[in-house]
Amino acid sequence: MSLAKDVVSGLPSPWPKQFTYVVSNTSSGQNATENVVSLDACLQDESDSLLGSCIIIVAPKIINVAAVEQLLGRWRGSVCILLNAEWAPLAAEDDLGDIDSVHTAFVRSFKVVYCFMPLLIKAFVVSTQEGAVFRCVGCNKKSGFSSGGGGEGREVTGDPWRIFMRQNDIWEPVARMQRRPSSTDVEVSFYNASAANSPLTQGAKFLKGLVNKKR
């Protein structure tokens, strides 16, 4: 819950600061002081009196997809944020796994404005390589979101997805793309970066340089 509150407090102007926090854990119940309600309680409250005009749904799981879609289908608020949703696909073409196909359009209707996803890729059978997929809409702007970064009717565009690989305790950018990288994109980016930095590749480049000089 502390992360959710940090997200809300860090929202740029003119985004609202008053949010209702919806949690999937039914044992959490309602806390009027902190504006925390359970997903089950929201579904039972057909008048939506527990919800304000802005909500943040915290860490919904795959089993909650149908419930979240039902809730948002009738809710008439202005802003909804999903934080750390378990069902977020890597890319539009990826299989949604355990999610029923009837919920595909709903799941893919959300746009990612911030993502930091640590990765651990197995390479060359025995070794592993650390990395991350990162996107932050408008992080390079002094205030607000960049083009399409927020607001009704806008698309989240213009801010690329970046793939980083950790090399000698330094996060090195190895690829960037406009769409969300798939698992194949990440693997290929890691492979290309590792191959480019390998001693064999460096040696081949050195020998090629010597040959070109002699010519």
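One is the number of the first residue; the rest follow in order along the sequence. Only heavy atoms go into these numbers, but all of them, side chains included; no hydrogens, no water, no symmetry mates.
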Please determine if Arg180 and Asp185 form a salt bridge, counting it only when a charged side-chain N lies under 4.0 Å from a carboxylate O. no
Any side-chain heavy-atom pair of Ile57 and Cys80 under 4.5 Å: yes
Using side-chain contact (heavy atoms from CB on, under 4.5 Å), reason through Arg135 and Arg162 one step at a time and then give a plain yes or no. CA-CA 6 Å; Arg135 190 193 195 199; Arg162 294 178 171 88; over 6 Å; no
Where is the tightest heavy-atom contact between Leu120 and Glu130, given as atom of each residue plus distance? CD1-CG, 3.8 Å
Find the distance between SG (Cys42) and CD1 (Ile55) and round it off to the nearest 0.5 Å. 7.0 Å
Report the distance from atom OG of Ser109 to atom NE2 of His103, rounding to the nearest 0.5 Å. 12.5 Å
Closest non-hydrogen atom pair, Asp159 against Gln178: N-NE2, 4.4 Å
If Ile, Leu, Val, Met, Phe, Trp and Tyr residues are connected whenever their side-chain heavy atoms lie under 4.5 Å apart, and connections chain through other members, are Val7 and Val23 in the same group? yes
Checking Val58 against Val36 for the side-chain contact (heavy atoms from CB on, under 4.5 Å) test, could you report, in this order, the C-alpha distance in whole Å, the side-chain angles of both residues, the deciding distance, and whether it holds? CA-CA 10 Å; Val58 182; Val36 179; over 6 Å; no
Under 3.5 Å, is there a donor-acceptor pair between the side chain of Lys17 and the main chain of Ser9? yes
Same cluster or not: Val68 versus Leu50, using hydrophobic residues (I, L, V, M, F, W, Y) connected whenever any side-chain heavy atoms lie under 4.5 Å apart? yes
Hydrophobic clusters here meaning ILVMFWY residues chained together by side-chain heavy-atom distances under 4.5 Å, can you tell me if Val112 and Val186 are in one? yes
With no hydrogens and no angle check, is any side-chain donor or acceptor of Glu86 less than 3.5 Å from a backbone partner on Ile62? yes
What heavy-atom pair brings Met165 and Val174 nearest, and what distance separates the two atoms? CB-CG1, 3.9 Å
For residues Asp45 and Ser47, is any side-chain donor paired with an opposing acceptor at under 3.5 Å? yes
What I'd like to find out is whether the side chain of Val37 reaches to under 4.5 Å of the side chain of Thr20, using heavy atoms alone. yes
Any non-hydrogen side-chain atom of Leu39 less than 4.5 Å from a side-chain atom of Asn64? yes
Does any part of the side chain of Val133, heavy atoms only, come nearer than 4.5 Å to the side chain of Leu119, both counted from C-beta? yes
Using modelled atom types only, decide if a donor and an acceptor are shared between the side chain of Asp100 and the backbone of Val102 within a distance under 3.5 Å. yes
Do Val107 and Ile63 share a hydrophobic cluster (ILVMFWY, side-chain heavy atoms under 4.5 Å, transitive)? no
Looking at OG of Ser189 and CZ of Phe164, how far apart are the two atoms once the value is rounded to the nearest 0.5 Å? 12.0 Å
Decide yes or no for Pro173 and Phe134: does some side-chain heavy atom of the first lie under 4.5 Å from some side-chain heavy atom of the second? no
For residues 70-82, which residue pairs qualify under side-chain hydrogen bond (donor to acceptor under 3.5 Å, both in side chains), counting only residues two or more places apart or in two chains? Asp48-Arg74
Would you say the side chain of Thr104 lies within less than 4.5 Å of the side chain of Ser101, judging by non-hydrogen atoms? yes
Show the nearest heavy-atom pair for residues Trp171 and Gly131, with the distance to one decimal. CZ3-C, 3.4 Å
Can you tell me how far the CZ atom of Phe19 sits from the SG atom of Cys54, to the nearest 0.5 Å? 4.5 Å
Assess the residue pair Leu71 and Leu43 against the criterion (side-chain contact (heavy atoms from CB on, under 4.5 Å)); give the C-alpha distance rounded to whole Å, side-chain angles, the decisive distance to 0.1 Å, and a yes or no. CA-CA 6 Å; Leu71 177 64; Leu43 291 174; 4.0 Å; yes
As an exercise, state the distance from CG of Leu82 to CG of Leu72, rounded to the nearest 0.5 Å. 7.0 Å
Rounded to the nearest 0.5 Å, what separates atom OH in Tyr191 from atom CD in Gln129? 14.5 Å
Are Phe106 and Leu51 connected into the same hydrophobic cluster when the rule is that any two of I, L, V, M, F, W, Y join if their side-chain heavy atoms are below 4.5 Å apart? yes
Test side-chain contact (heavy atoms from CB on, under 4.5 Å) on Leu3 and Leu83; report intermediate values, then the result. CA-CA 9 Å; Leu3 176 59; Leu83 178 64; 4.2 Å; yes
